[in-house]
Each structure stands twice: as C-alpha cells, then as structure tokens.
Amino acid sequence: MRVLLGEHDDLAELYAPPDQPWLRVNMVTTVDGAATGDDGTSRSINTGADKVVFDLLREQADALVVGAGTVRIEGYAVGRKPLVVVSRTGAVPPTQRDAARGRVLMATVSSAPYLHQAREILGDEHVLVLGSHRVDLGRLKDELVLRGFRHQLSEGGPHLLRDLLDQGVADELDCTIVPRMVSGSHRRITDGPPVDVPLRLATLVEQDDTLLARWFVAR
Ligand SMILES: NC(=O)c1ccc[n+]([C@@H]2O[C@H](COP(=O)([O-])OP(=O)(O)OC[C@H]3O[C@@H](n4cnc5c(N)ncnc54)[C@H](OP(=O)(O)O)[C@@H]3O)[C@@H](O)[C@H]2O)c1
C-alpha cells in the first residue's frame, strides 16, 4: 500500500470518522466512469484493495444507509450492522424481510404504497416517515443520530448518492477507482438531475493500481 496523500500509514487511521455525526458514502468506479460491470452490479468491477476498504468502512460505521434499488439489485444479505433502506415505495427488499426486528429500518414517505406492509414486516418503530412525497435525508441523518447511529455509511446507489449531495447531507465520499476501462452504457456513481458539489481531497492511497480516495464535501 502506498499512501500518496495522508498523515498515517494505517488504513483504519486514514479512514477514521471524525468524532461528530457524520455520513459518508462509499462507491467504486472504473477509470472510464462505470459504476457497474457486465453483471449489472459493482461486484464485477471491484478489486481486492477496494474490498479491504469496503469492509473497513462497514466496520467503522454504526449503521448502513442504502437505496432500496441497490439492496434489491446487489441482493444485500442481512448483515452485522443495522441497515437503513431508503425507499419511496416503502417496499421491503426480499432479502431483508426475515431480518430480526430492529436490524432493518425503512426511511420512506407517507404516500408510499407499501407503507402499511413495511410497518407490518419491520415494526412501526423501525419505519421512519420523513416527508409526504420526498424522503428528507437531513431529517433521516438526525433521526439516526438520535437512535445512536452517529457514524453512518451509505453504499449508494447512484440515485441516493445524488440526493444526499443535493440535500447537503453527505459529509464525505470515499471513491475507489479500479484500473479498468469497460466502455458500454453503464451507470456512473451518481444518477439524476444535475448537482454541483465541490470536494476536497483528504486521503489518497494506491494498492495494486487501485486508487482509494477519501474526499470531504467542501462547505
Ligand atoms: N459502483 C458502486 O459503488 C455502486 C454502489 C451502489 C450501487 N451500484 C449499482 O447501481 C445500480 C442501482 O442504481 P440506483 O441509482 O437505482 O440505486 P439506488 O439509488 O440504490 O436505488 C434507487 C431506488 O432506491 C430508492 N431511493 C434512492 N434514493 C432515494 C431517495 N432520495 N428517496 C427515496 N427513495 C430513494 C428508490 O427505491 P423504491 O423504488 O423502493 O422507491 C429508488 O427507486 C445497481 O446496478 C448497483 O449495482 C453501484
């Protein structure tokens, strides 16, 4: 591992979250900007070095905040960290339906067609209604802090990342660039209407030609 920018030579220290409520987003992309490979998920583009940081960031998080689309497409299994699924429809992804109560939360809206079902599956107290038609992601972050989840890790996907940036909720972007070019018409790591958010590079690490960058949202 080569630390190209950063004050430590230990990954855990390089990525330590600050001692305050913090939401960071971890994404992976090819050099030519693809967020997925041929299988339609990020699994086909990530590398060993990316996986190391992916696991470390999960370890350092109190809870994961993930778009329902990504949970569905990537087939998230019930994991060790609480998972907060963000969804406009309120449909609980199939892989999360049998999770123990409290392991999965849903952030949704009062107009969600599957709101009632989400409450039945997850329990009323684990379904956060944060708006009528749009999930207020700032309120979500605050609500999660109140529940003891100060360090929040989002793993996307691209629509959720875009909305977190648009609503000024993301504090940090951890972006892995893998040494590949894939062309084709793949998603980028953001999707949706334009946003323009300046970033400041805090850390840059290289491992086996994979670049691991830690960016802070400039405020
Ligand atoms: N390269 C990477 O690091 C990376 C990371 C994650 C995902 N991906 C890939 O990205 C693709 C999925 O992209 P995507 O943009 O569809 O993912 P996404 O943002 O996770 O999914 C979109 C869905 O999530 C919910 N959602 C997202 N933002 C929301 C918001 N602000 N408010 C309410 N609900 C919200 C909605 O679910 P409902 O339909 O239930 O309302 C929406 O239809 C997959 O191919 C996945 O493999 C790549």
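Computed from heavy atoms alone, side chains included, the values below leave out hydrogens, waters and symmetry copies. All ligand and atom numbering here is 1-based and tracks the order in the structure.
Atom 40 (O) of ligand 1 has its closest protein heavy atom at S87 OG, 2.7 Å. If you check which protein heavy atom lies closest to atom 10 (O) of ligand 1, you get P158 CD, 3.2 Å. Among protein heavy atoms, the minimum distance from atom 3 (O) of ligand 1 is reached at V28 N, 2.8 Å. Looking at atom 6 (C) of ligand 1, its nearest protein heavy atom turns out to be E155 O, 3.1 Å. R72 NH2, 3.0 Å is the protein heavy atom nearest to atom 39 (O) of ligand 1. Nearest protein neighbour of atom 25 (C) of ligand 1, counting heavy atoms only, is V86 O, 3.2 Å.
Taking each of M27, R134, R88 in turn, the one with a heavy atom nearest to atom 29 (C) of ligand 1 proves to be R88. For atom 16 (O) of ligand 1, the candidate residues are R43, E74, H159; the nearest heavy-atom contact is made by H159. Closest to atom 37 (O) of ligand 1 by heavy atom, among A68, G90, P93, is A68.
Contacts between M106 and ligand 1, counted as non-hydrogen atom pairs separated by less than 4.0 Å, are absent for every part of the residue. Of the heavy atoms in D163, only side-chain atoms (C-beta onward) come closer than 4.0 Å to ligand 1. Here T70 has heavy atoms under 4.0 Å from ligand 1 in both its backbone and its side chain.
Between R24 and R214, the shortest heavy-atom contact is NH1-NH2, 3.4 Å.
Using a 4.0 Å cut-off between a side-chain N of Lys or Arg and a carboxylate O of Asp or Glu, K141 and D171 qualify as a salt bridge.
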For the pair R80 and L64, evaluate side chain to side chain contact (heavy atoms under 4.5 Å, CB included) and give the outcome as yes or no after the intermediate values. CA-CA 10 Å; R80 287 198 308 113; L64 308 183; over 6 Å; no

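Residue contact check for ligand 1: D191 places no non-hydrogen atom closer than 4.0 Å to it. Not a single heavy atom of A91 lies less than 4.0 angstrom from ligand 1.
For the atom pair CE (M181) and CG (D32), the distance works out to 4.5 Å, reported to the nearest 0.5 Å.
Ring centroid separation for the pair W22 and F149 does not come in under the 6.0 Å cut-off.
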